[in-house]
Amino acid sequence: MKIALVGYGKMGKIIDEIAQKRGHEVVARLKETPTAENLNNPDVVIEFSLPEVAFENIKACLENKIPVICGTTGWLDQKDEIEKLAVDNDSAFLYGSNFSLGVNLFFALNEKLADLMKNVDEYSCQLEEIHHIHKKDAPSGTAISIAEGIIQNNPKFDAWKLEETEGKQLGIFAVREDEVPGTHSVYYRSEVDEIEIKHTAFNRNGFALGAVVAAEWIKDKKGNFAMKDVLGL
Ligand SMILES: NC(=O)C1=CN([C@@H]2O[C@H](COP(=O)(O)OP(=O)(O)OC[C@H]3O[C@@H](n4cnc5c(N)ncnc54)[C@H](OP(=O)(O)O)[C@@H]3O)[C@@H](O)[C@H]2O)C=CC1
Ligand SMILES: O=C(O)C1=N[C@H](C(=O)O)C[C@H](O)C1
């Protein structure tokens, strides 16, 4: 399969290695807005760039009818518009806040625990995410997905908020530390104990492999998808 990489930083470079090891041809490595010319006729685009350019990048690919796998976080207020563009252009789009198998299993576990907690009043809930100091957005896309999983399964919460909260808001604490690849925890605290579920990425390889697997999966599909469709979760 021919893959174009849009965004060629920490993630783009690892995706390049893994895609080639899996037998794919990387036909473009872009650090600029994609066009019909510089994309070089790929089967699929994998987009890991910056929050402020992701929308224009994805739009340009979909308008050229090229399916897009997007891992860029921090631009989701425009996701509905992109999903409409995918349908209008008879193309395909998949956004994942986190492409690793472990985090997608963690999402399912988090939703189950949130459902168990909906009738238990003794416990308060908080999220924490820890990432490297270069990260541009906060909270992380993964933390937002975890928060949405709790809000959808536990009516005690109706929104998430960074740090201090009031009413039915769920608090997310974002920590920036050294070169941490990504650690996410959900805490349920009572007066007598604490339940914690935690995912720790040791490196970026799991994110990159998941993005390539998603690209292989989406190749001949049309419409809008999520990583749970790829993994059957
Ligand atoms: N979903 C997931 O599983 C994961 C998501 N992420 C997310 O992916 C994104 C990228 O992460 P990461 O690789 O670590 O970030 P980097 O900052 O290392 O890389 C970003 C890249 O985008 C390039 N760039 C700048 N402008 C454009 C443009 N207009 N079009 C295309 N590319 C451009 C940058 O080039 P230059 O260096 O020249 O500025 C750089 O190569 C982030 O939003 C991050 O949160 C990260 C890990 C996993
Ligand atoms: O910026 C990163 O590095 C990461 N970003 C994603 C996010 O915002 O959740 C995924 C992963 O945690 C690493």
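Atoms within a ligand are numbered from 1 in the order they appear, just like the ligands themselves. Values in this document were obtained by computation on a predicted structure and should not be read as measured data.
Between Glu83 and Lys79, at least one side-chain nitrogen of the basic residue sits less than 4.0 Å from a carboxylate oxygen of the acidic one, meeting the salt-bridge criterion. A salt bridge links Arg176 to Glu129: at least one charged side-chain nitrogen sits closer than 4.0 Å to a carboxylate oxygen. Glu25 has no carboxylate O lying under 4.0 Å from a charged side-chain N of Lys2, or vice versa, which leaves the two without a salt bridge. By the 4.0 Å N-to-carboxylate-O rule, Lys118 lies close enough to Asp115 to be salt-bridged with it.
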- Message: Apply side chain to side chain contact (heavy atoms under 4.5 Å, CB included) to residues Cys61 and Phe93 and explain how you reach the verdict.
- Response: CA-CA 10 Å; Cys61 298; Phe93 177 69; over 6 Å; no
side-chain hydrogen bond (donor to acceptor under 3.5 Å, both in side chains) between Glu216 and His24: does it pass, once the steps are laid out? CA-CA 9 Å; Glu216 292 164 357; His24 303 301; 2.7 Å; yes
*Derivation of the side-chain hydrogen bond (donor to acceptor under 3.5 Å, both in side chains) call for Tyr95 and Asn224*: CA-CA 8 Å; Tyr95 165 75; Asn224 291 292; over 6 Å; no
Full working for salt bridge (charged side-chain N to carboxylate O under 4.0 Å, His left out) between Lys13 and Glu17
CA-CA 7 Å; Lys13 288 175 184 137; Glu17 277 175 35; over 6 Å; no
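Within the structure, the closest approach of Pro181 to ligand 2 falls below 4.0 Å when heavy atoms are considered. Assignment of His132 to the shell around ligand 2 is supported, since a heavy atom sits closer than 4.0 Å. Ligand 2 has at least one atom lying under 4.0 Å from a heavy atom of His184.
Looking at atom 46 (C) of ligand 1, its nearest protein heavy atom turns out to be Met11 CG, 3.6 Å. With hydrogens left out, the protein atom closest to atom 8 (O) of ligand 2 is Lys135 NZ, 2.7 Å, a heavy atom. In this structure, the protein non-hydrogen atom closest to atom 6 (C) of ligand 2 is Ser97 O, 3.7 Å. The protein non-hydrogen atom at the shortest distance from atom 31 (C) of ligand 1 is Asn57 ND2, 3.4 Å. The protein non-hydrogen atom at the shortest distance from atom 2 (C) of ligand 1 is Ser97 O, 3.4 Å. The closest protein non-hydrogen atom to atom 25 (C) of ligand 1 is Leu50 CD1, 3.5 Å. Of all protein heavy atoms, the one lying nearest to atom 6 (N) of ligand 1 is Gly71 O, 3.7 Å. Taking atom 12 (O) of ligand 2 as the reference point, the nearest protein heavy-atom neighbour is His131 NE2, 2.6 Å. From the protein, the heavy atom lying nearest to atom 19 (O) of ligand 1 is Gly9 CA, 3.4 Å. Nearest protein heavy-atom contact of atom 45 (O) of ligand 1 is Thr73 OG1, 2.7 Å. The protein non-hydrogen atom at the shortest distance from atom 9 (O) of ligand 2 is Thr142 OG1, 2.5 Å. Nearest non-hydrogen protein atom to atom 27 (C) of ligand 1 is Lys31 O, 3.5 Å.
Minimum heavy-atom separation, Ser91 to Lys65: OG-C, 3.5 Å.
Checking only distances, Lys10 does come within under 3.5 Å of ligand 1, N or O to N or O. Backbone and side-chain nitrogen or oxygen atoms of Arg204 are examined, and none is located within less than 3.5 angstrom of a nitrogen or oxygen of ligand 2. When only interatomic distances are considered, the shortest N/O to N/O separation between Gly141 and ligand 2 falls below 3.5 Å. Remark: ligand 1 and Phe99 share an N or O pair separated by less than 3.5 Å (distance only, no angle test).
Counting heavy-atom neighbours within 6.0 Å of Glu196 CD, excluding the residue itself, gives a total above 12.
The nearest protein heavy atom to atom 34 (C) of ligand 1 is not closer than 4.0 Å. For atom 39 (O) of ligand 1, no protein non-hydrogen atom is found at a distance below 4.0 Å.
Every atom of ligand 1 with a heavy atom of Tyr8 under 4.0 Å away is listed here by number and element: 21 (C), 41 (O). Listed by atom number, the atoms of ligand 1 under 4.0 Å from Lys135 heavy atoms are 45 (O). Interface atoms of ligand 2 facing Ser140, defined by a heavy-atom separation under 4.0 Å, are 7 (C), 8 (O), 9 (O). Counting atoms of ligand 1 from 1 in the listed order, those under 4.0 Å from a heavy atom of Gly7 are 22 (O), 31 (C), 32 (N). Less than 4.0 angstrom separates some heavy atom of Val53 from each of these atoms of ligand 1: 27 (C), 28 (C), 29 (N).
When the options Ala201, Ser49, Gly12 are ranked by their closest heavy atom to atom 20 (C) of ligand 1, first place goes to Ser49.
For the residue pair Glu128 / Tyr187, a side-chain donor-acceptor distance below 3.5 Å is found, with atom types taken as modelled. Checking Glu47 against Asn57 by side-chain atom types alone, a donor-acceptor pair falls below 3.5 Å.
Between Phe99 and Phe48, the ring planes lie tilted relative to each other; the angle falls in the 30° to 60° range.
At least one test fails for Arg204 against the ring of Phe207: distance under 6.0 Å to the centre or angle within 45° of the axis.
In this structure, Asn104 contributes its side chain and Asn98 its backbone to a donor-acceptor pair below 3.5 Å. At distances below 3.5 Å, not a single donor-acceptor pair connects side-chain atoms of Lys136 with backbone N or O atoms of Gly74.
Heavy atoms of Thr142 found under 4.0 angstrom from ligand 1: none, in either backbone or side chain.
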